[in-house]
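Quick notes on the structure that follows.
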Amino acid sequence: MTPILALFRRDLTLAFRVGGGPWLALAFFAGVILLVPLGLGAAPGQLAAVGPGLLWIAAVLAVLLSLDRLFQADYEDGSLEQLLLADAPLSLLVLAKCAAIWVTTGLPLAAASPFFAIQLQVDEEIIPVVALSLLIGTPALTLIGAVTAALTVSVRRGGLLLSLLALPLFVPVVIFGAGAGAAAASGLPYGGALMLLGGLSLFFLVIGPIAAAAALRLHLS
Amino acid sequence: MISSAGAASGAVRMSADHLVCVRGGRCVFSDLSFTVERDSLLAVRGPNGAGKSSLLRVIAGLLDLDAGAVRIEGLGDRPQATAIHFIAHQDGLKPQLSAGEALAFSQRLLGGDGPLAPILAEMGLVRQADLPVQFLSAGQRRRLALARLLASPRPIWLLDEPMSALDAAGRDLLRQILERHLAGGGLAIAATHDTLPVAGETLVLRAAEAGAAA
Amino acid sequence: MFASANPKRFLDLTAPYEPWLWGLASLLIAIGLWQALLVAPPDYQQGESVRIMFVHVPSAWMAMFVYAVIAGASLVSLVFRHPIADVAAKAAAPIGAVFTLVTLATGSLWGKPMWGTWWEWDARMTSVLVLFFLYLGYIALWQAIEEPTRAARAAAVLALVGAVNLPIIKFSVDWWRTLHQPASVFRMDGPTMHPAFLWPLAIMALGFMVLFTALLLLRMRTEVMERRLRAQRLAAAGD
């Protein structure tokens with residue numbers, strides 16, 4: 001357990017020292033939300049209808065941008081080799097890194113999403129559903145992204161490629177995530193969507209670290 | 001005194017048997033056999049591209065063999081990966097962590113529980129302990145990387161160009177820790193172009209034979 | 001060594017059959033097209049535009065089938081490290097991507113008279129579009145990693161992750177359609193199909209399958225040659 005916790009703490013420390021921790025992701029999120037009314041117009045009711053979906057798309061973009069350096073920095077400075085020699089399975093170490101990056105992106109985005117939902121004039125009754133869907137769904141985004149980040153770790157300027165690989169895999173998460181809010185908005189039951197979202201996060205909690213660890217190993221060989 | 005003897009107890013011995021390594025359709029080395037006895041050092045020499053780094057990576061388990069096997073005796077139940085230290089070309093240090101934090105992280109990652117202050121003192125990094133690694137010189141970073149060897153006792157040391165960036169004092173430090181490691185029953189393999197400060201056997205790799213894998 | 005000898009022997013074995021495959025594919029597709037365009041009657045609802053289906057449906061089948069081939073080959077490549085498997089997976093991907101593109105293009109052509117728009121976010125079309133992006137990502141990953149064995153393993157991991165996801169994607173897209181537009185639009189194929197359409201459809205599907213096999217073998221041959229060229233250049237540099 002010690003190596004896993006140590007890595008989690010180290011990555012959190014680094015996130016706060018280098019990227020300003022959660023503030024960078026939040027500022028980016030706020031910036032995207034600012035562009036929405038400027039791009040779509042702010043006619044009454046218009047923003048509210050698309051609000052939950054837009055929050056999800058902004059979250060996807062924020063997560064994608066954060067993943068670029070998830071493994072690449074470790075790959076470049078030789079830290080990754082040390083992880084392979086650690087007294088813990090690589091998949092669990094990958095999980096620790098995912099947890100650290102989620103704490104500094106997905107979690108703060110979910111926590112702050114009510115404020116941005118208000119800004120987008122989303123119906124107050126739906127706001128908790130949207131926030132909950134982000135809380136449940138963003139781990140899946142991070143874990144899927146970890147696989148594609150690991151696959152592209154040795155590719156220089158791999159950020160664009162990482163996104164191309166991740167986006168089709170994000171489809172179910174975005175559908176159920178934004179769908180929960182949309183269903184709530186039209187008075188339909190949304191519990192099923194949230195359950196499916198949770199199922200996706202659990203599924204990728206298992207698949208993601210294993211696939212990412214396999215991908216990292218092959219890049220070190 | 002800092003001792004790595006505890007870790008190296010139950011003296012290990014390594015034998016490599018007809019190793020073959022092919023990468024990207026090119027034969028890096030083939031039919032490579034050697035043994036490293038306890039308390040001895042093997043220097044791996046050869047021109048660039050002869051497969052020195054690949055050999056270390058194979059032993060560390062980072063690179064797959066195409067044929068042959070590396071056997072390590074005397075580990076008991078210990079998994080092979082946790083018996084090996086690998087000091088690669090890159091130091092594996094985060095620029096934003098202080099030297100002390102970096103060493104503490106490494107110890108928690110790789111195992112070990114000894115106090116770190118004496119290790120930093122021995123490696124001449126007391127004043128740098130609270131300084132972010134990005135302010136350290138290349139030689140200081142190398143010494144910090146070598147400090148990992150002492151912080152987490154492991155019986156097998158794989159050193160890729162351990163002398164690079166080290167000045168005369170640094171080389172003397174390397175000699176001291178190597179001698180102590182070997183005296184404690186450990187073994188070490190170092191890929192180098194330089195003369196190592198500790199006597200040992202030498203394995204010379206030749207440049208890959210053209211067309212062997214075509 | 002076996003890294004290249006094995007694929008070469010496989011291709012030597014298949015070489016004599018390749019001209020026959022090309023001939024068979026041409027014949028089947030020619031008969032299929034003749035049946036589809038001239039013999040089959042127009043549909044009572046869709047009119048002449050139903051004929052697009054004879055290209056669209058077999059392409060859609062092939063788009064999925066080729067991804068299954070890639071996933072299967074990737075599994076073999078990862079588990080058994082058999083070099084022919086990753087050559088096959090790499091060679092199949094662009095062919096599958098083209099089948100997917102043909103599916104999307106014919107679907108769009110069919111949609112214009114049927115739905116009155118070139119693109120409808122219909123559940124099937126949306127799933128196929130996602131599949132197309134999976135293909136693009138897979139091909140791009142092969143391109144991005146220089147070293148062939150490393151690229152092969154990375155692509156294999158991606159293909160398997162994609163294959164595991166495909167049913168989930170399909171399910172989620174269907175769910176999404178019911179959420180946003182419960183009214184079901186006109187379906188292109190269904191349980192009830194006029195037997196006059198069945199034969200040309202089967203012939204076209206078979207023709208596409210043989211065409212895929214011929215293209216795959218051709219592309220695999222090219223890939224094996226490229227690898228040998230690469231190995232020779234590396235060896236030349238190593239002197």
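Hydrogens, waters and symmetry mates are skipped; everything else that's a heavy atom, side chains included, is used. Below, chains carry the letters A, B, ... as their sequence lines are ordered, and counting in each starts from 1.
- Between A/Phe203 and C/Val164, some side-chain heavy-atom pair lies under the 4.5 Å cut-off.
- Among C/Lys170, C/Arg153, C/Arg150, the residue with the largest count of heavy-atom pairs under 4.5 Å with chain A is C/Arg150.
- The minimum heavy-atom distance between C/Thr100 and C/Ala63, with the atom names listed, is OG1-CB, 3.5 Å.
- A perpendicular orientation is assigned to the rings of C/Trp176 and C/Trp121, their planes being inclined by more than 60° (bins at 30° and 60°).
- The shortest distance between side-chain heavy atoms of A/Leu109 and A/Thr138 does not fall below 4.5 Å.
- Residue contact with chain C, scored on non-hydrogen atoms closer than 4.5 Å, involves the side chain of A/Leu161 exclusively.
- Looking at A/Leu167, neither its backbone nor its side chain comes within 4.5 Å of chain C, counting heavy atoms on both sides.
- Scanning all heavy atoms of the two residues, the minimum distance from A/Ala96 to A/Phe8 falls at O-CD1, 3.5 Å.
- Counting heavy-atom pairs closer than 4.5 Å to chain C, the top-ranked of the candidates A/Thr148, A/Leu188, A/Val155, A/Val147 is A/Val155.
- Looking only at atom types and distance, the side chain of A/Trp56 has a donor-acceptor partner in the side chain of A/Ser133 under 3.5 Å away.
- Using a 4.5 Å cut-off between heavy atoms, A/Ile144 makes no contact with chain C at all.
- Residues A/Ala166 and A/Leu64 share a closest heavy-atom pair of CB-CD2, 4.0 Å.
- A side-chain donor from one of C/Glu147 and C/Thr149 sits under 3.5 Å from a side-chain acceptor of the other.
- Of all residues in residues 133-143 of chain C, those placing a non-hydrogen atom less than 4.5 angstrom from a non-hydrogen atom of chain A are C/Phe133, C/Leu134, C/Leu136, C/Gly137, C/Tyr138, C/Ala140, C/Leu141.
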